[in-house]
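This report refers to the structure that appears directly beneath it.
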Amino acid sequence: MQLLSEQEIERRKDREELMKLGINPYPAEAFPINVTTEDIHRNYENRKNDYKSISIAGRLMSRRIMGSASFGEIQDATGRLQFYVRRDDICEGEDKTLYNTVFKKLLGIGDFLGLKGYIFTTQTGEISLHVTELTVLSKSVKPLPVVKRDEDGNVHDGFTDPEMRYRQRYVDLTVNPEVKKTFITRSRIITQMRRYFDDHGWLEVETPILQAVHGGAAARPFDTHHNTLDMPLFLRIANELYLKRLIVGGFDGVYEFGKMFRNEGMDRTHNPEFTSMEIYVAYKDYIWMMEMVEELIEQVTEKIHGKTKITVGNNEIEFAGPYRRLTMYDSIKEYAGIDVSKMDEDGLRKVCAEMGIETDATMGKGKLVDEIFGEKVEANLIQPTYITDYPIEMTPLAKKHRTEPGLVERFELFVNGKEIANAYTELNDPIDQRERFEDQLKLAERGDDEAMAMDEDFLRALEYGMPPTSGLGIGIDRLTMLLTNNTTIQEVLFFPQMRPEKKQVEMTEEEKGIFELLKAESPVAIADLKGKAGLSGKKWDVAMKGLTGKGVAKVTKEGDSITVSLVD
RNA sequence: GAUUCCGUAGCUCAGCUGGUAGAGCAAUACACUUUUAAUGUAUGGGUCCUGGGUUCGAGCCCCAGCGGGAUCACCA
């Protein structure tokens, strides 16, 4: 409920005027399209004969009106095309209304049009559509920001405010083509990954988002409630334990792209819901998985960019494998100059103190090592690097290392200083797994609120037997950020989480009272409403003026009867 | 959560030391049949985020709140 701006009122009038002229601003009929603007730009020069009778549709994005002929730009899903429209071409005979009134006055930037005609090249060499027929497809009653670009591609009146761009992504996508490109790339990344997995014969599956036990990761969940079962449920923080159940069930390879939900802080790399891809392949280990990930990432990058070396921020990153492999302890040795491999908890705590890393009593050995790693190593890992062999304490779902006691077979892939993938040789010994869960419970008792919960059904599945398996998780949002050169997660999510927009118009007690009466009956005769409101003359007057002033209510006078109605 | 910056026309932004609210684009009107950030002339358009306070006077100063960005902390 908001007062309309001058331009919004103007556009609503244009809509009415179109109707009065017998033109439906929102026609029901489909509009046949036989080409896209992208196709025209790409192929017209070589196949001019194919573009003599074309039909396109899209938004009117700019107009240059000159007397009885005009230029404009129409934007479809693939791009923009200049069009040239002459009064006498679209208005045969004496009636020039379609050009003089409809095109010049009643249409505006943002309106959807259908255009028919033929392609030609202007004197200045721009491929354009010579319009012979113009159809209104949808009238826009809210003015779109007009973003201008000069010959060098400089943007002049950008739609740049992040808040508005994220809240009104539809506008962002309409006026900022590079934003649209990012999301197309995101979709293509997922498509390519899916193709790779399918080509290997692995099965795409779906597992529960509502879970009674939130397992598979260390994070705080969103909780909800099922009414019929009258039980608490959680939005999943991970799907790992369900995918492993499917491996137990006999699938050789299963993968899932899906949203995960974590009830934690938000920043440029964290959104409460995010997309992950998890895959589990039987009879494999994490060495095999490293080779698979290299091939996957290399192929995806090649398909998206046509090459494997791309620029991310200030860095040139080579995505072609093989990637460097470095154990967790070696990486700390290399970048921090300290050998922590033999240290106990007290020793690690001392190292942290020397490095100025804050620690607390809830931190176990694994977490301390991770802190040192995060502080000293992570940011240095620019080119794709596998960090392998993590301390057992921080990884309750991975198998113990085949040769190194105290470690597990796990790797994380780091690129540009950020983690983008995480993988294990999966723990399939049910007795070991139960002990690991019990260790997690001990951590929880120490106050670690992210320690993993015991999942009895998952343990039962393991007891039936799970084949040796390797599993991998990739953060799709982060991979997309990397491959589209974006530094905030909001730029790769269509609708990033936001606080609710603006509160409703505030009303006084008297105004609220009248508003409630109007909700029950509207329109209503003003005398009746005043009677029901039971306010003093003065209060009634002030409240009514308030409501009309806020655009909530409207007073109409027809002859002798005055009625009040709600404005929607 | 902490720190810090920001919120003014449909959009992008000015607004000095507190003194009647400005520009470009967009809109409206007129002119113009190959323009392209079209052009020329004229016109209209404001809850200066909200609520308090100080003051003769607040877009500007003070307090509180709302929303957003950046940095830090936690997490992926």
Side-chain angles (χ1 to χ4, degrees), chain A residues 2-11 13-14 62-73 80 82-89 99 104-105 108-110 120-126 128 130 140-168 171 175 217-220 237-238 260-276 358 360 367 370-371 374 412 418-422 449-450 473-479 481 487-490 496 498-503 505-506 549-551:
Chain A
Q2 208 177 346
L3 294 175
L4 295 176
S5 70
E6 185 189 33
Q7 294 193 41
E8 288 172 305
I9 292 164
E10 182 65 39
R11 282 169 172 265
K13 276 189 204 151
D14 292 343
S62 72
R63 286 191 303 174
R64 294 181 283 279
I65 291 174
M66 308 171 302
S68 50
S70 302
F71 284 90
E73 282 179 297
R80 289 189 187 189
Q82 174 169 272
F83 65 84
Y84 176 62
V85 57
R86 277 200 312 211
R87 183 187 61 203
D88 297 342
D89 289 337
Y99 181 80
K104 283 169 77 169
K105 310 249 184 248
I109 289 171
F120 73 111
T121 307
T122 64
Q123 285 177 0
T124 50
E126 178 150 345
S128 307
H130 193 121
S140 156
V141 296
K142 209 169 173 63
L144 213 53
V146 176
V147 178
K148 299 218 169 192
R149 275 155 225 272
D150 63 21
E151 280 177 10
D152 305 323
N154 300 314
V155 175
H156 288 273
D157 290 287
F159 179 65
T160 53
D161 180 55
E163 179 170 2
M164 279 199 284
R165 287 185 47 233
Y166 301 152
R167 287 195 197 282
Q168 304 183 38
V171 176
V175 304
R220 292 205 304 273
I237 57 174
M260 304 299 153
F261 306 85
R262 298 192 184 174
N263 205 342
E264 290 175 350
M266 294 165 58
D267 62 23
R268 51 168 33 193
T269 55
H270 298 86
N271 194 66
E273 59 182 282
F274 64 100
T275 302
S276 86
E358 281 183 34
D360 61 62
K367 196 135 193 185
D370 195 39
E371 289 290 322
E412 290 188 308
K418 307 253 161 50
E419 184 211 324
I420 65 160
N422 181 22
D449 58 358
E450 284 163 355
I474 294 182
I476 295 299
D477 310 296
R478 299 216 175 148
L479 180 63
M481 286 165 66
T487 52
T488 78
I489 199 168
Q490 291 160 311
M498 292 284 226
R499 284 199 158 84
E501 204 172 351
K502 294 259 168 69
K503 48 300 165 188
V505 188
E506 303 248 340
K550 283 166 185 152

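Values below: all heavy atoms of this structure, side chains included; hydrogens, waters and symmetry mates excluded. So that the names make sense, note that chain A is the first sequence line, chain B the second, and so on, each numbered from 1.
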Please measure how far the [atom1] atom in [N] lies from the corresponding atom in [M], and state the result in whole Å.
{"N": "B:G19", "M": "B:G57", "atom1": "P", "result": "14 Å"}
{"N": "B:C66", "M": "B:A26", "atom1": "C1'", "result": "29 Å"}
{"N": "B:A64", "M": "B:U3", "atom1": "P", "result": "12 Å"}
{"N": "B:U41", "M": "B:C61", "atom1": "P", "result": "37 Å"}

- Pairing residues for A:R11 by the salt bridge (Lys or Arg N to Asp or Glu O under 4.0 Å) criterion, not counting sequence neighbours: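 A:R11 satisfies salt bridge (Lys or Arg N to Asp or Glu O under 4.0 Å) with A:D111 only.
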- Item | For A:D267, salt bridge (Lys or Arg N to Asp or Glu O under 4.0 Å) partners two or more places apart | none
Any side-chain heavy-atom pair of [X] and [Y] under 4.5 Å:
{"X": "A:R478", "Y": "A:T269", "result": "yes"}
{"X": "A:F261", "Y": "A:P272", "result": "no"}
{"X": "A:R268", "Y": "A:T487", "result": "yes"}
{"X": "A:K104", "Y": "A:R87", "result": "no"}

For [X], report the nucleic acid contact type (base, sugar-phosphate, nothing); a contact means any heavy atom under 4.0 Å.
{"X": "A:T122", "value": "base"}
{"X": "A:G158", "value": "sugar-phosphate"}
{"X": "A:E264", "value": "sugar-phosphate"}
{"X": "A:S70", "value": "nothing"}
{"X": "A:Q490", "value": "sugar-phosphate"}
{"X": "A:N263", "value": "nothing"}
{"X": "A:Q82", "value": "base"}
{"X": "A:T488", "value": "sugar-phosphate"}
{"X": "A:K367", "value": "sugar-phosphate"}
{"X": "A:K105", "value": "sugar-phosphate"}
{"X": "A:M164", "value": "sugar-phosphate"}
{"X": "A:D161", "value": "sugar-phosphate"}

- Note on the structure: Here the pair of heavy atoms bringing A:M66 nearest to A:Y99 is O-OH, 4.4 Å
Roughly how many Å is it from [atom1] in [X] to [atom2] in [N], rounded to a whole number?
{"X": "A:R86", "N": "B:C32", "atom1": "CZ", "atom2": "C1'", "result": "15 Å"}
{"X": "A:R167", "N": "B:G7", "atom1": "CZ", "atom2": "P", "result": "17 Å"}
{"X": "A:R87", "N": "B:A31", "atom1": "CZ", "atom2": "C1'", "result": "13 Å"}
{"X": "A:F261", "N": "B:A76", "atom1": "CZ", "atom2": "P", "result": "17 Å"}

[N] pairs with which nucleotide, Watson-Crick or G-U wobble, both distances below 3.5 Å?
{"N": "B:A64", "result": "B:U50"}
{"N": "B:G45", "result": "none"}
{"N": "B:U39", "result": "B:A31"}
{"N": "B:G22", "result": "B:C13"}
{"N": "B:A2", "result": "B:U71"}

Under 3.5 Å between N/O atoms: give me all the protein pairs with nucleotides 25-27 of chain B, atom names plus distance.
| from | atom 1 | to | atom 2 | distance (Å) |
| --- | --- | --- | --- | --- |
| B:C25 | O3' | A:K148 | NZ | 3.3 |
| B:A26 | OP1 | A:K148 | NZ | 3.2 |
| B:A26 | N3 | A:Q7 | NE2 | 2.8 |
| B:A27 | O4' | A:Q7 | OE1 | 3.4 |

- Any donor-acceptor pair under 3.5 Å linking the side chain of A:N422 with the backbone of A:E412? no
- Query: Can you find a side chain N or O atom of A:R499 that sits less than 4.0 Å from OP1 or OP2 on B:G67?
  - Reply: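 Yes, A:R499 has a side-chain N/O under 4.0 Å of OP1/OP2 on B:G67.
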- Task: Indicate whether OP1 or OP2 belonging to B:A38 is found under 4.0 Å from a side-chain N or O atom of A:R64.
- Result: yes
- Of A:S62 and A:E371, the one whose closest RNA chain B nucleotide lies more 5':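 This one resolves to A:S62.
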Looking at [X] and [N], is any side-chain donor or acceptor paired with a base atom of the opposite kind under 3.5 Å?
{"X": "A:D267", "N": "B:C72", "value": "no"}
{"X": "A:E126", "N": "B:U35", "value": "no"}
{"X": "A:T160", "N": "B:U12", "value": "no"}

- Message: The test is side chain to side chain contact (heavy atoms under 4.5 Å, CB included); show your working for A:Q490 and A:N271 and say whether it passes.
- Response: CA-CA 8 Å; A:Q490 291 160 311; A:N271 194 66; 5.6 Å; no
- Message: Check the orientation of A:F71 and A:Y84. Use parallel for under 30°, tilted for 30 to 60°, and perpendicular for over 60°.
- Response: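 The rings of A:F71 and A:Y84 sit tilted, inter-plane angle from 30° to 60°.
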- Task: For A:F274 and B:A76, say yes or no: do the ring centres fall under 5.5 Å of each other while the ring planes differ by less than 30°?
- Result: yes
